[in-house]
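The model shown is predicted, which means the values in this text are computed figures rather than measured ones. First the proteins, then the strands, lettered A, B, ... as listed; each starts at 1.
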2 protein chains.
Amino acid sequence: MRATVKDVAKLAGVSPKTVSNVINGVVFVRPETRARVEQALTELDYVPNMSARGLRNGRSGMIGLALPDLLRPYSAEITHLVVELAHERGWGVQIEQTASEPEREYELLSKARTNLVDGLILNPVNLDDSAVMSAGPLPAVVLIGDVDQDVVSQVLIDNVEAAKDMTRHLVEQGYRRIAAVGTPEIPSGSSGNGRIGGRTEAVGSAASRLRAAGYHEVLAEHGLPALDIALDRWSPQGAATVLSRFLRENEPPDALFCFTDSLAMGAVSVLWSAGLSIPGDCAVAGFDNIGESQFTVPPLTTVDFDRRAFVQAALDLLGERMADRTATPRRIVIPHRIVRRASTGY
Amino acid sequence: MRATVKDVAKLAGVSPKTVSNVINGVVFVRPETRARVEQALTELDYVPNMSARGLRNGRSGMIGLALPDLLRPYSAEITHLVVELAHERGWGVQIEQTASEPEREYELLSKARTNLVDGLILNPVNLDDSAVMSAGPLPAVVLIGDVDQDVVSQVLIDNVEAAKDMTRHLVEQGYRRIAAVGTPEIPSGSSGNGRIGGRTEAVGSAASRLRAAGYHEVLAEHGLPALDIALDRWSPQGAATVLSRFLRENEPPDALFCFTDSLAMGAVSVLWSAGLSIPGDCAVAGFDNIGESQFTVPPLTTVDFDRRAFVQAALDLLGERMADRTATPRRIVIPHRIVRRASTGY
DNA sequence: TTGAAAGCGCTACCAT
DNA sequence: ATGGTAGCGCTTTCAA
């Protein structure tokens with residue numbers, strides 16, 4: 001059986017309280033007492049029981065991180081940073097995946113309320129049916145991603161602006177027939193123009209909708225036609241599938257604006273298979289500047305932002321909320337920039 | 001303040017024990033009693049306190065997952081599967097990163113002993129200085145990766161055989177000057193042949209050493225020269241850096257056997273920049289069959305294994321150990337196979 | 001500066 | 001089938 005504070009106290013000839021004092025090192029303990037306790041601590045190979053401590057203190061020292069799909073390189077980058085930067089603050093990270101079933105978000109929020117985690121960083125797939133919008137007392141939550149709400153704190157990049165910047169870049173490069181890969185899918189059950197009961201029923205992440213909006217806006221400014229290529233799966237494979245179908249039925253566009261670098265990788269692969277050169281026959285742009293995107297052939301023009309600052313901001317906001325649940329929610333917008341590489345003619 | 005079992009019991013007019021019975025649904029409760037309790041449960045919006053439950057039961061319902069570097073696509077795939085498959089067993093996943101500092105492994109093992117996690121899946125960087133080899137009682141641990149020990153259970157692929165298979169494939173394809181990217185680095189402080197005090201002092205992961213061994217063995221069988229390109233950083237960037245340097249000083253090899261697909265992506269990019277065609281001027285092979293490797297240009301020949309079976313086996317073994325700490329450690333070897341794609345001439 | 005005792009919320013045991 | 005009670009290991013009053 002593992003040693004408890006009582007055992008240590010007995011061996012050191014002191015009370016449990018003194019042992020606790022030594023461990024937590026907050027109040028002053030006489031050096032010789034401290035020495036005796038520390039001796040006992042190592043002798044018994046004492047490790048504190050976190051469940052007990054958590055029960056007593058009401059805090060677990062862990063935060064939750066919920067991302068739609070852990071498989072995406074983008075998720076890996078976020079996870080990597082959250083784990084690293086949370087560790088610096090002494091927080092452990094519990095990780096979750098939400099895309100498979102939307103009800104997972106509810107599960108998570110309630111898990112946050114079960115004291116298993118002290119706070120939650122949540123990347124909601126879709127705000128409409130996101131659990132944060134439900135009534136009821138929320139645990140400390142920070143949203144990552146560009147969604148329109150003011151219930152909880154959030155950190156984001158300006159997706160509309162970024163998409164506009166990228167679309168402008170493509171227009172400036174001289175491309176005219178510019179297609180977007182990853183625009184929200186219109187559900188097959190709805191009518192042709194995607195409207196049900198007067199409300200647009202688009203399926204897709206918040207980011208996807210905002211990027212599509214920026215793309216449309218700039219094309220409209222220039223009097224250019226929009227060419228939306230919707231996805232059924234948000235992965236290189238998904239992009240490859242719809243793009244191959246598109247190329248079978250249409251002339252290749254001048255340029256493809258893919259709403260993530262992962263999608264762009266699928267697109268690059270399909271263009272290559274079709275014998276089309278990049279950017280000669282068709283340029284390709286991505287979004288996110290994942291680590292891999294500078295190693296594609298050719299390297300990928302993309303939207304970059306300081307991911308470390310992004311995650312650091314999320315943790316700052318979370319710490320704020322954990323300390324004071326009543327603080328007013330804050331929004332932090334992380335700046336973005338276009339990284340020009342060979343895939344769009346640089 | 002949040003509702004507790006007591007509050008629920010009072011509202012439902014029953015005892016706390018009955019509430020607990022309803023929640024855990026193990027013993028039979030009279031339907032009308034159950035109904036009253038469930039009514040109270042929802043009315044008070046009851047959520048159990050996991051710290052209390054953990055303290056009482058001695059289990060937290062969480063497992064730890066420790067990987068060297070969460071940034072790697074391979075890590076993302078493992079994480080994705082562990083989270084998904086652990087969820088099916090009702091386990092949460094706490095995630096950690098160990099490569100930065102080796103002492104993290106010790107931290108983790110002791111964390112496992114603090115009841116924060118009930119078990120640990122550990123991918124050790126290097127067994128020599130891995131914490132599992134230290135004396136002392138271990139928590140439930142399963143190693144993933146091919147390391148030579150019999151202290152704890154482990155799941156692995158046969159790295160030597162896989163590397164031999166791939167090297168044979170390259171030889172059969174007619175390549176003769178076959179270089180390996182990712183062989184263990186010889187520390188700069190040591191003498192030229194990498195020996196100090198009669199013992200080889202190679203720096204690198206266990207997998208890297210085993211893959212190098214398989215590669216060397218097959219080349220020797222065929223009387224072909226080995227060409228080791230060591231790495232200072234285990235990333236596409238790292239591979240790109242050393243390979244560019246190599247190409248500046250040497251003729252390009254006939255083929256490159258990169259010890260992971262990530263490294264291969266860096267290599268592909270460098271070959272492309274150098275104006276070399278793949279596989280015409282230089283073939284490239286990878287290892288792991290990460291999702292991205294079928295979308296490189298050209299698609300990558302690589303070593304594949306059933307990752308889901310791999311993770312499932314790790315969880316099986318972990319469950320075994322968690323149930324019975326005294327069970328004899330088991331080893332499960334997951335089969336591998338070569339996936340032939342265009343990068344080696346298919 | 002240190003000790004004694006209470007209690008965090010839950011479930012197991014022993015009654016009934 | 002249900003209730004009462006004790007106790008998991010820790011920390012935090014309150015006293016000494």
Side-chain angles (χ1 to χ4, degrees), chain A residues 1-41 44-62 110-118 139, chain B residues 1-41 44-62 90 110-118:
Chain A
M1 204 43 214
R2 251 173 38 202
T4 73
V5 275
K6 264 188 193 156
D7 303 323
V8 176
K10 194 178 299 173
L11 180 60
V14 298
S15 85
K17 167 64 166 111
T18 307
V19 175
S20 175
N21 282 341
V22 170
I23 293 168
N24 298 298
V26 45
V27 284
F28 188 83
V29 182
R30 191 147 42 87
E32 63 183 69
T33 316
R34 164 180 296 277
R36 277 219 316 287
V37 171
E38 274 166 352
Q39 160 77 22
L41 244 23
L44 294 176
D45 190 24
Y46 171 82
V47 282
N49 182 320
M50 286 311 189
S51 294
R53 185 176 286 178
L55 172 58
R56 180 66 242 218
N57 293 344
R59 292 184 305 97
S60 64
M62 298 231 303
S110 80
K111 179 174 287 178
R113 296 164 55 221
T114 66
N115 281 20
L116 244 187
V117 295
D118 301 332
Chain B
M1 203 43 213
R2 251 173 38 199
T4 72
V5 276
K6 263 187 193 155
D7 303 323
V8 176
K10 194 178 300 173
L11 180 60
V14 298
S15 85
K17 170 62 168 120
T18 306
V19 176
S20 173
N21 283 340
V22 170
I23 293 167
N24 298 297
V26 45
V27 283
F28 189 81
V29 181
R30 192 147 39 88
E32 63 183 68
T33 315
R34 165 179 297 277
R36 277 218 316 288
V37 171
E38 273 165 353
Q39 161 76 23
L41 244 23
L44 294 176
D45 191 25
Y46 171 82
V47 282
N49 182 318
M50 287 309 188
S51 293
R53 185 176 285 177
L55 173 57
R56 179 68 242 212
N57 295 343
R59 292 183 305 96
S60 64
M62 298 231 304
S110 79
K111 180 175 288 180
R113 295 164 56 220
T114 65
N115 282 18
L116 245 187
V117 294
D118 301 332

Shortest side-chain distance from A/Ser20, nucleotide among C/dC10, D/dT11, D/dT2: D/dT11
Nucleotide D/dC10, atom C1' - distance to CZ of B/Arg53 in whole Å: 20 Å
A/Tyr46 OH to D/dC10 C1', straight-line distance once rounded to whole Å: 7 Å
Closest to the A/Lys17 side chain, choosing from D/dT11, D/dG3, C/dG3: C/dG3
Flag if over 12 foreign heavy atoms under 6.0 Å of CZ, B/Arg59: no
Among D/dA1, D/dC10, C/dC10, the one nearest A/Arg56 by side-chain distance: D/dC10
Whole angstrom value for the distance that separates P of D/dT11 from NZ of A/Lys6: 14 Å
Between C/dC10 (P) and B/Arg59 (CZ): distance, integer Å: 16 Å
Closest to the A/Asn24 side chain, choosing from D/dT11, C/dT2, D/dG3: D/dT11
Options D/dT11, C/dC8, C/dC10, nucleotide nearest the side-chain atoms of A/Leu55: C/dC8
A/Thr4 side chain, from C-beta outward: closest of D/dG3, C/dG3, D/dG9: D/dG9
Nucleotide of D/dT2, C/dA12, D/dT11 approaching B/Asn57 most closely (side-chain heavy atoms): C/dA12
Minimum heavy-atom distance between A/Ala9 and A/Pro16, given as atom pair plus value: CB-N, 3.6 Å
Atom-pair distance (CD1 on A/Ile23; P on D/dG9), nearest Å: 14 Å
Protein-nucleotide distance (A/Asn21, atom CG; D/dT12, atom P), rounded to Å: 9 Å
A/Glu38: which of A/Val22, A/Val19, A/Val8 passes side-chain contact (heavy atoms from CB on, under 4.5 Å): A/Val22
The single option from A/Asn49, A/Leu55, A/Asn57 passing side-chain contact (heavy atoms from CB on, under 4.5 Å) against A/Arg53: A/Asn57
Side chain A/Ser60, main chain A/Leu116, donor-acceptor under 3.5 Å: yes
Spacing of B/Leu41 atom CG relative to C/dG9 atom P, expressed in whole Å: 16 Å
Short side-chain N/O contact to D/dT2 OP1/OP2 from B/Thr18, under 4.0 Å: no
Touch class at under 4.0 angstrom, heavy-atom based, for A/Ser51 against every strand present: nothing
